[in-house]
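Here is the structure we will look at.
We name chains A, B, ... by the order of the sequence lines, and we start the count at 1 in each one. This structure is a prediction, so every number in the text was calculated from the model and none was measured.
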Number of protein chains: 2
Amino acid sequence: MYSIGDLSRRTGVKIPTIRYYEQMGLIAAPERSEGNQRRYEKSELERLAFIRHARDLGLSIDSIRDLLALSQHPERPCGEADRIASEHLATVREKIARLKKLEQELERIVACDGNHTVGDCYVIRALADHSMCENEH
Amino acid sequence: MYSIGDLSRRTGVKIPTIRYYEQMGLIAAPERSEGNQRRYEKSELERLAFIRHARDLGLSIDSIRDLLALSQHPERPCGEADRIASEHLATVREKIARLKKLEQELERIVACDGNHTVGDCYVIRALADHSMCENEH
DNA sequence: TCTATTGCTCCAGAAGCTATAGGTTTGAGG
DNA sequence: CCTCAAACCTATAGCTTCTGGAGCAATAGA
Ligand SMILES: [Zn+2]
Ligand SMILES: [Zn+2]
Ligand SMILES: [Zn+2]
Ligand SMILES: [Zn+2]
């Protein structure tokens, strides 16, 4: 049996975050000690590590809840799990594409050398006028 | 004089968002009609377009507030504006780098063909075990 | 037994909006 | 002038994923 602090140390998930995950239904409400403190079994450690890893990879709480539910049924087909993962990959790729456009524009914008006045500053002028941009964003 | 709806149509910023920007101090509280409705001058149109463009480029409300304050002083040196922009560019680059790592891992993870069981699913196993990952994230 | 550490619940805040509820004003057509 | 729909008002809550604090209770080691 682990206390919430043990769990936190072993998984790197902060204590309030663990309680938050409980509230969000990612982990079950655990047994309590006589003094009402949470006492976890070893299996919760793995579950929490799974959650942490999935969060680190950017999956949403909702997706993780679904994946955890699926993982309770090892005999079922895994199409749904694969769908969640590849949809997330698509989302990540979209974000990258969008950020790259921003990067391009910002690269042009910051070409101002910083040695003149605000009135002449390319940063300020470029922000005031989107038509100076090379692509949509 | 423009109503808030006019301003919204011309800048593409939604009405509640304009009110929110007023509350956040990005635009000044405008004059009011006899019936207490907001009436804007033309200059607010440009200011709002500036804000919108800067938001589209991912700048924070705080940064935008600073940039707007700077732009009121065209005779001052522009080093601060340039610093804000290049710091933001650095942030964007960090995000891209991080997302690319995620993309790599997710690409490997979704290599599962979806035609077997959850128990054998690479997606599920990879999420359960970060040591299967090739880099930190 | 004493006390430092850890844990409890509840609540608020961060970022940048967005939506809803319940009411008032405006402006165009009749 | 009158009516009525559209637009506007304020205030508040919700979204997402945590994070931190207040105020108090339990636990564990010396
Ligand atoms: Zn400059
Ligand atoms: Zn632009
Ligand atoms: Zn699979
Ligand atoms: Zn990993």
Please output the side-chain donor-acceptor pairs of residues 6-19 of chain B that fall under 3.5 Å, not counting sequence neighbours, one pair per line with the distance.
{"from": "B/Asp6", "atom 1": "OD1", "to": "B/Arg9", "atom 2": "NH2", "distance (Å)": "2.9"}
{"from": "B/Asp6", "atom 1": "OD2", "to": "B/Ser3", "atom 2": "N", "distance (Å)": "3.1"}
{"from": "B/Asp6", "atom 1": "OD2", "to": "B/Ser3", "atom 2": "OG", "distance (Å)": "3.4"}
{"from": "B/Ser8", "atom 1": "OG", "to": "B/Val13", "atom 2": "O", "distance (Å)": "2.8"}
{"from": "B/Thr11", "atom 1": "OG1", "to": "B/Leu7", "atom 2": "O", "distance (Å)": "2.8"}
{"from": "B/Thr11", "atom 1": "OG1", "to": "B/Val13", "atom 2": "N", "distance (Å)": "3.2"}

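If you take CD of B/Gln23 and P of D/dC9, they are 13 Å apart, rounded to a whole angstrom. The distance from atom CG of A/Asp62 to atom P of D/dC18 is 12 Å, rounded to the nearest whole Å. Rounded to a whole Å, the CD1 atom of A/Ile61 is 19 Å from the P atom of D/dG14. Rounded to a whole Å, the OH atom of B/Tyr20 is 17 Å from the P atom of D/dT12. Following rounding to the nearest Å, A/Arg38 (CZ) and D/dA26 (P) show an atom-to-atom distance of 15 Å. Put simply, OH on B/Tyr2 is 15 Å from P on D/dC8, counting in whole angstrom units. Rounded to whole Å, atom P of D/dG20 lies 5 Å from atom NZ of A/Lys14. The interatomic distance linking B/Glu31 (CD) with D/dC9 (P) rounds to 14 Å, in whole Å.
Checking D/dT27, D/dT10, D/dC8 against the side-chain heavy atoms of B/Arg32 singles out D/dT10 as nearest. Here D/dG20 is the nucleotide among D/dG20, D/dC18, D/dC8 with the atom lying nearest to any side-chain atom of A/Pro16. For A/Gln37, the listed nucleotide lying nearest its side chain is D/dT27; candidates were D/dC18, D/dT10, D/dT27.
A/His116 places no side-chain N or O within 3.5 Å of a backbone atom of A/Tyr122 that could act as its donor or acceptor partner. In terms of modelled atom types and a separation under 3.5 Å, the side chain of B/His137 and the main chain of B/Glu105 share no donor-acceptor contact. Judged by distance alone, the side chain of B/His88 and the main-chain N or O of A/Leu106 form no donor-acceptor pair under 3.5 Å.
The environment of CD in A/Glu87 is crowded: more than 12 heavy-atom neighbours from other residues, nucleotides or ligands sit within 6.0 Å. By the 6.0 Å contact criterion, CD on B/Glu107 is enclosed, its count of non-hydrogen atoms from other residues, nucleotides or ligands being greater than 12. A 6.0 Å sphere centred on CZ of B/Arg76 holds no more than 12 heavy atoms belonging to other residues, nucleotides or ligands.
The phosphate of D/dT10 has neither OP1 nor OP2 within less than 4.0 Å of any side-chain N or O from B/Arg19. A close approach under 4.0 Å does occur between a side-chain nitrogen or oxygen of B/Ser3 and OP1 or OP2 of D/dC8.
Contact check on A/Arg83 versus A/Glu80 returns a salt bridge, with a Lys/Arg side-chain nitrogen under 4.0 Å from an Asp/Glu carboxylate oxygen. For A/Lys42 and A/Glu46, the salt-bridge test fails: no basic side-chain N is under 4.0 Å from an acidic carboxylate O.
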Shorter than 3.5 Å, N or O on both sides, protein versus nucleotides 28-30 of chain D: list them out with atom names.
none

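The residue among B/Arg55 and B/Gly35 whose nearest nucleotide of DNA chain C lies closer to the 5′ end is B/Arg55.
Chain B approaches DNA chain C within less than 4.0 angstrom (heavy atoms of the protein), and the contacting nucleotides run 5' to 3' from C/dG16 to C/dT26.
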